[in-house]
Amino acid sequence: MSTRIERRFAELKVAKRGGLVVFVTAGDPTYEVSRDIILSLPNAGADVIEIGMPFTDPMADGPAIQASSLRALKNGQNMPKTLNLVREFRAKDQNTPIVLMGYYNPIYSYGVDKFLKDANAAGVDGLIVVDLPPEEDSELCLPALKAGLNFIRLATPTTDDKRLPTVLNNTSGFVYYVSIMGITGTRAASDVDITAAVGRLKRHTDLPIAVGFGISTPERAAAVAKVADAAVVGSAVVNKIAAEIGADGKPGPRAAQAALDLVKSLAAGVRAARV
Amino acid sequence: MSIAAATPPNSYRTGPDEHGRFGIFGGRFVAETLMPLILEVEAAYNAAKIDPKFAQEMDYYRTHYIGRPSPLYFAERLSRELGGAKIYMKRDELNHTGSHKINNCMGQILLAKRMGKTRIIAETGAGQHGVATATVCALFNLPCTVYMGATDIARQQPNVFRMKLLGAEVIPVHSGTATLKDAMNEALRDWVANVENTFYIIGTAAGPHPYPSMVRDFQSIIGVEAKAQMLEAEGRLPDTLVACIGGGSNAIGLFHPFLDDRDVEIIGVEAGGDGVETGRHAASLTGGRPGVLHGNRTYLLQDDDGQIIDAHSISAGLDYPGIGPEHSWLHEMKRVKYVSATDLEALDAFQMLAKVEGIIPALEPAHALAYVQKLAPTRPKDNIIIMNLCGRGDKDIFAVAERLGTKL
């Protein structure tokens, strides 16, 4: 049986276009606004939704996502609420894949078995856990695969041809190529580098390749979607939310719309890329 | 998930295993970008460990630059005042730069040089590790960037100035709680962005494998010397070892060579802050539970959701919500006993040692001393305690003066 993620990438292939993967942090800035955004993402043109599980110490993330995590935590977000967010989404949308992304400790603290059971029941399709390299596969990756979830691994410019098979082994759903050496939302990679990297990955795997880190505009998303199977945008969307937060720390009335407007323009860019 | 200490192992000194684990603790929980480099550091360290040239280089700098061996000093007056056990102090505060931190920095920078790295980064809490890193960077002419929490910068001004004098760039970290854990996050973020030319000199026996064991090995010179010095002074091993623990590098350095001497009682003293019962402390083993942070699984201060809780301690060097993974294992195996001392007890010990022995200790070992103050009087006069005096207190006089209400 194929997963939602596999079906979605198969549809994109038929449609002959690259996909748009959108990242938002669960509960940022509040549970309600975050739910409004996530429920509207498919209509705005997101093909796959990545939901960040907030963590106090996101060591691979730049200032934008660090701040979004802290906003969410400050407003009471936690793992049960994040899973509930997915449950609410899944009640309304059966087709759009949801990938939970984050760090291992909140999952470990929740309990791996319980987490996999509850994530599956909520309608989660895949996991990206930044601080679980293949060397730690027995922690979560293997149990997740056994539970029928996709485990999506990050490949980076430092993952050389010798190491790639190790990284790709036990990876499923798609491969997330981190296009720069660095943290999220900072610098951007060149088209030449991205094209070369995607070509290299394709020689090693038949899995779809999504490219992320440093993609912030419709033009950049389009350029990436031209050569990769999908472009991932996170910090830029999160920044739109942050910009609508008032001096009192409360989200303004346009927080959700501002994020969704950017997603719409990114989606238009991605859709026009291969015409 | 914790493992009961049913049968003791044949040796407590064989860890970590090939996965970098001490029991369930340790490991390599890092982003993929860092993984190839972590493996490279491990391979380089394994090669260096068996290279006599590396050992010779270490010996040379230990003797001529750091000033080793450090004395094992019989604190006669203190012992008499406390009226019980004989107290010996391992004087690592007499090292160049004023703490044990340089033992490790020297080892890591020699390794960085072997690996051809051209830029050094470090995190620091109290500033002792930052100063030691800046020092070896000056010595070997490598650019040095030190990440330090903005809160710590405010309470450790003398060390910030020292680092700058030594040519290091000190970057204030404002994220999170602006203390040691955030400095470590920021150093890891720098490393991810600069893996090709940069070596990260981690200051404590924590982080992804091979750091916990590598730092331990470099710090074990403390215990190796102490053992030989004790045999020479007393003709026998001590009854008890006491050291303070933040990440736990000075402690593991003293403890490790004694772990298989089962008659030697070993005690680690965590920072109790306002008291472990208040929740405002830095005692990860006493008040935390296993989790994953900064590349390793270990005991962490965390809430029910697995979010990291701020540590609290008067000592910036102990103000960390985690602890080295080997300590977590030794705790669960019950080989080492972990206790805590509060801010007030440490402050009291700090002042007492100055008056009784003419030694101003750093606030970090003042925690160990606070426990020795309680322990020694309960022991017979022929009992021997070694306490690790791992740092001197010059850096702390401003913070202590403020706490005591004295205007400088």
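We name chains A, B, ... by the order of the sequence lines, and we start the count at 1 in each one. Worth saying up front: this structure is predicted, and the values here are computed from it rather than measured.
- For chain A, the nearby part of B:L300 is the side chain; its heavy atoms alone come within less than 4.5 Å.
- In summary, the side chains of B:Q302 and A:Y108 do not present any donor paired with an acceptor at a separation below 3.5 Å, with no hydrogens or angles considered.
- Rounding to the nearest 0.5 Å gives a distance of 13.0 Å between CE of A:M53 and CG of A:N78.
- The heavy-atom pair separating B:S313 from B:A271 by the smallest distance is OG-CB, 3.5 Å.
- For the residue pair A:S172 and A:N150, a side-chain donor N or O sits within less than 3.5 Å of a side-chain acceptor on the partner.
- A cation-pi arrangement is not found for A:K117 relative to A:F115, the charged atom failing to lie both closer than 6.0 Å to the ring centre and inside a 45° cone about the ring normal.
- Using a 4.5 Å cut-off between heavy atoms, B:D190 does not touch chain A at all.
- Proximity to chain B (any heavy atom under 4.5 Å) is restricted, for A:P54, to the backbone atoms N, CA, C and O.
- Looking at A:E139 and A:Y104, their side chains do bring a donor and an acceptor atom within 3.5 Å of each other.
- With chain B as partner, the option from A:N105, A:L70, A:T156 having the largest number of non-hydrogen pairs under 4.5 angstrom is A:N105.
- Between A:D28 and A:K74 no salt bridge is recorded (no basic side-chain N to carboxylate O distance below 4.0 Å).
- Checked by atom type, the side-chain pair A:T158/B:T33 shows no donor-acceptor distance below 3.5 Å.
- Within the 4.5 angstrom heavy-atom criterion, no atom of B:I309 approaches chain A.
- In this structure, the portion of A:R187 lying under 4.5 Å from any heavy atom of chain B is its side chain and not its backbone.
- Heavy atoms of B:I308 lying under 4.5 Å from chain A belong to its backbone as well as its side chain.
- The interface of residues 159-168 of chain A with chain B, defined by heavy-atom distances below 4.5 Å, comprises A:T159, A:R163, A:V167.
- Ranked by heavy-atom pairs shorter than 4.5 Å toward chain A, the options B:M184, B:H294, B:R28 are led by B:R28.
- Between A:F213 and A:Y177, the ring center distance fails the sub-6.0 Å criterion.
- Heavy atoms from other residues, nucleotides or ligands lying under 6.0 Å from CG of A:D113 number 12 at most.
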